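Since this is a predicted model, take the numbers as computed values, not measurements. Whatever order the structure lists ligands and atoms in, that order sets their numbers, starting from 1.
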Amino acid sequence: MNKKPLILGIESSCDETAASIITENKQGIPIILSNIISSQVEVHKEFGGVVPELAARSHIEKIDWIVEKAINESGRKIEEIDAVASTAGPGLIVCLSVGLSFGKAFATAIDKPFIAVNHLEGHALSPKLNSKLNFPYLFLLISGGHSQFLSVNGLGKYKRLGTTIDDALGEAFDKTAKLLGIDFPGGSQIEILAEKGNSEKYNLPKPIFNKGGCNLSFAGLKTSILKISKTIKTEQEKFDLAASFQKTIEEILYKKTKIAFSEFEKQNNLKEKIFVVAGGVAANKKIRSMLIKLCKENNYQSIFPPIELCGDNAAMIAMVGLEKFKLKQFNNLDHPAKPRWPLDEDAIFLKGAGVQL
Ligand code: KG4
Ligand code: ZN
C-alpha cells in the first residue's frame with residue numbers, strides 16, 4: 001500500500017506563528033493531525049496595530065517550538081514528513097522571511113522537497129480541509145489583510161472577480177473599534193456594541209456601491225466614521241455608530257455578493273452553486289446570517305469553515321502543500337519572499353472608479 005503524504009505547513013506572513021501536520025485518508029480526504037497557532041495580539045495591543053519589526057522578532061522566538069509542538073501533537077516522527085510547505089507571500093517581508101527560511105532549512109535538514117505557498121491560495125483551499133468540495137466554487141475572503149471574491153476553479157486556477165481597492169474589511173472593523181475606544185484588534189466587539197444601538201441613526205457612505213462590479217472600498221466609510229466619532233458624547237451614540245457601521249457593511253456585502261454571484265455564473269458552467277466564506281470577519285454572526293439568507297434566495301450552498309480554519313493558520317498552507325506534493329510541484333531553495341503576490345496576476349482596471357488594482 002502506498003504511504004499517504006505527510007506534510008508540514010508553516011505560516012508566518014503577519015501576526016500569527018503557526019505550524020501544522022496534515023495527511024489524507026485512503027479516499028483522499030485531508031486529515032489534520034495537528035494545527036498549532038500562536039497569535040501575537042498581546043505584542044501589538046499597546047501600539048494599536050501590527051508592528052512589523054516586533055512581529056518578526058516574535059516569529060523568530062516562537063517558530064522552532066511551534067513546529068516541534070505540531071510534530072509532537074501529530075503523533076508522527078520527523079523522518080515520516082514527506083515535504084515542507086511555507087508561506088512565501090503575500091505579507092510583511094520581515095515576517096514571511098522567518099517561516100520561509102525556517103521551512104527551507106528544515107526541508108534541507110530532512111532531505112525532503114520544499115514547497116513555497118501563496119497565503120491566499122491557502123485561504124482559497126482551506127474549505128477543502130473539512131468539506132468535500134468540487135471545483136469550481138465562489139470564495140469570499142474577508143480578513144484583517146484581505147477582502148476579495150475569487151472563482152476557485154482548481155489548484156493554481158483562480159480568477160479574482162473583485163477585491164478591495166483600499167482597506168481590508170477587518171481593518172475597517174478594527175479602525176472603527178479603535179475610534180470607539182476599543183483596544184486593538186477590536187473588530188469583533190463591533191457587533192456586540194451594535195446590538196444596543198440604533199442602526200438608522202447615522203447615514204454612512206457606501207463607497208463604489210453602484211459601480212466597480214463586485215470590487216469593494218472602505219476608506220471613505222472610515223473617514224466618515226472618524227468625523228462622526230469626534231462628535232460623539234454619550235455611550236448610546238457609540239452604540240448607534242457601531243450599529244450603523246454594522247448595517248452599512250451588511251448592505252455593501254449583500255449587494256456586492258449578489259454581483260459576484262452573477263459574475264461567477266457568467267464565467268462558469270455550473271452543476272452546483274457553492275459559496276464559501278472565510279477570514280476573521282466571517283465570524284461576524286449578522287454578516288453570516290445575511291449571507292446564508294442571500295445564498296438561500298439564490299440557490300447557493302453556503303459553507304463557513306470553522307473559525308480556526310477561517311483565520312490565519314498553517315493547516316491551509318499544508319493543504320496547498322499536499323496538493324502540490326501530489327503533482328510534484330516543488331520549489332527551489334532560492335524561492336523569494338513575495339510581499340505582493342496576487343493569485344490572479346491579471347491586473348483589473350476598475351472602470352468608473354478610475355482605479356488600477
Ligand atoms: O483572518 P483573520 O483572523 O486574520 C488576519 O487577517 O490576520 O482576521 C482578523 C480580522 C480582524 O480585523 C478582526 O477584527 C476581524 O477579523 N474579526 C471580526 C470579527 N471577528 C474577527 N470582524 C467583525 N466581526 C467579528 N465578529
Ligand atoms: Zn490570511
Side-chain angles (χ1 to χ4, degrees), residues 9-18 20 35 37-41 43-45 48-52 55 58-59 87-92 95-96 99 117-127 139-148 150 163-164 167-180 182-195 218 221-222 225 242-243 245-250 252-253 276-291 304-317 319-320 339-343:
I10 298 174
E11 158 63 35
S12 71
S13 63
C14 188
D15 58 345
E16 261 99 24
T17 320
S20 168
N35 187 22
I37 306 169
S38 171
S39 163
Q40 302 177 357
V41 166
V43 176
H44 305 291
K45 209 172 188 168
V50 176
V51 184
S58 177
H59 286 309
T87 304
L92 298 166
C95 296
L96 290 166
V117 175
N118 183 314
H119 179 88
L120 298 174
E121 188 164 25
H123 277 300
L125 294 197
S126 64
F139 181 63
L140 169 62
L141 173 61
I142 34 177
S143 71
H146 309 279
S147 299
Q148 45 189 261
L150 283 174
T163 182
T164 176
D167 296 344
L169 183 53
E171 216 177 324
F173 267 95
D174 290 337
K175 281 178 183 159
T176 300
K178 195 172 170 182
L179 292 169
L180 294 178
I182 305 163
D183 276 352
F184 170 84
S188 60
Q189 301 304 304
I190 295 284
E191 62 174 333
I192 298 167
L193 299 196
E195 275 170 24
F218 302 106
L221 176 56
K222 183 185 73 190
I225 301 269
F245 173 78
Q246 169 80 36
K247 186 199 78 175
T248 304
I249 294 297
E250 284 168 40
I252 293 171
L253 285 182
V276 182
V277 190
V281 184
N284 188 292
K285 291 188 195 70
K286 289 195 75 187
I287 291 178
R288 259 180 196 242
S289 50
M290 178 277 290
L291 290 174
F304 291 82
I307 289 303
E308 68 276 16
L309 297 178
C310 269
D312 287 350
N313 67 86
M316 68 184 193
I317 304 304
M319 178 69 220
V320 179
R340 280 183 57 79
W341 188 5
L343 266 184

Polar contact flag for C14 and ligand 1 (N/O pairs, less than 3.5 Å)
no

Quick one: do the H59 and T17 side chains pair a donor with an acceptor below 3.5 Å?
yes

Going by the order shown, which atoms of ligand 1 are within less than 4.0 Å of some heavy atom of G170?
12 (O)

F173 and F245 aromatic ring geometry - parallel, tilted or perpendicular at 30°/60° bounds
perpendicular

For D312, atoms of ligand 1 separated by under 4.0 Å from a heavy atom
5 (C), 7 (O)

Just to confirm my output: which protein heavy-atom neighbour is closest to atom 1 (O) of ligand 1, and how far is it?
G280 N, 2.9 Å

Within this structure, what is the CZ-CD distance for the pair F218 and E171, rounded to the nearest 0.5 Å?
10.5 Å

Nearest heavy atom to atom 26 (N) of ligand 1 wins, so pick from E191, Q189, K286.
E191

Spacing of I249 atom CD1 and I190 atom CD1 [to the nearest 0.5 Å]:
9.5 Å

To atom 25 (C) of ligand 1, the nearest of G145, A194, S188, G144 on a heavy-atom basis is S188

Find out whether C310 and H123 are in side-chain contact, i.e. whether some heavy atom of one side chain is under 4.5 Å from a heavy atom of the other.
no

So how far is it from L193 CG to T176 OG1, rounded to the nearest 0.5 Å?
11.0 Å

Side chain to side chain contact (heavy atoms under 4.5 Å, CB included) between K222 and D167, worked out
CA-CA 9 Å; K222 183 185 73 190; D167 296 344; 3.1 Å; yes

Tell me, which protein N/O/S atoms are under 2.8 Å away from the Zn ion (ligand 2)?
H119 NE2, H123 NE2, D312 OD1

Check: H123 N/O within less than 3.5 Å of ligand 1 N/O:
no

Under 4.0 Å to a heavy atom of G311 - the qualifying atoms of ligand 1, by number:
1 (O), 2 (P), 3 (O)

Tell me, yes or no, whether the heavy-atom count around K175 atom NZ, taken from other residues, nucleotides or ligands under 6.0 Å, exceeds 12.
yes

Do the side-chain N and O atoms of T248 and E250 include a donor-acceptor pair separated by under 3.5 angstrom?
no

So, regarding G279 and ligand 1 (criterion: nitrogen or oxygen to nitrogen or oxygen, under 3.5 Å), is there a contact or not?
no

Between N284 and ligand 1, find which residue part has any heavy-atom pair under 4.0 Å and reply side chain, backbone, both or neither.
both

What is the nearest protein non-hydrogen atom to atom 14 (O) of ligand 1, stated with its residue, atom name and distance?
D174 OD1, 2.5 Å

Working to the nearest 0.5 angstrom, can you tell me the gap between N118 CG and L125 CG?
10.0 Å

Heavy-atom nearest pair, A194 first then Q246, reads CB-CB, 4.1 Å

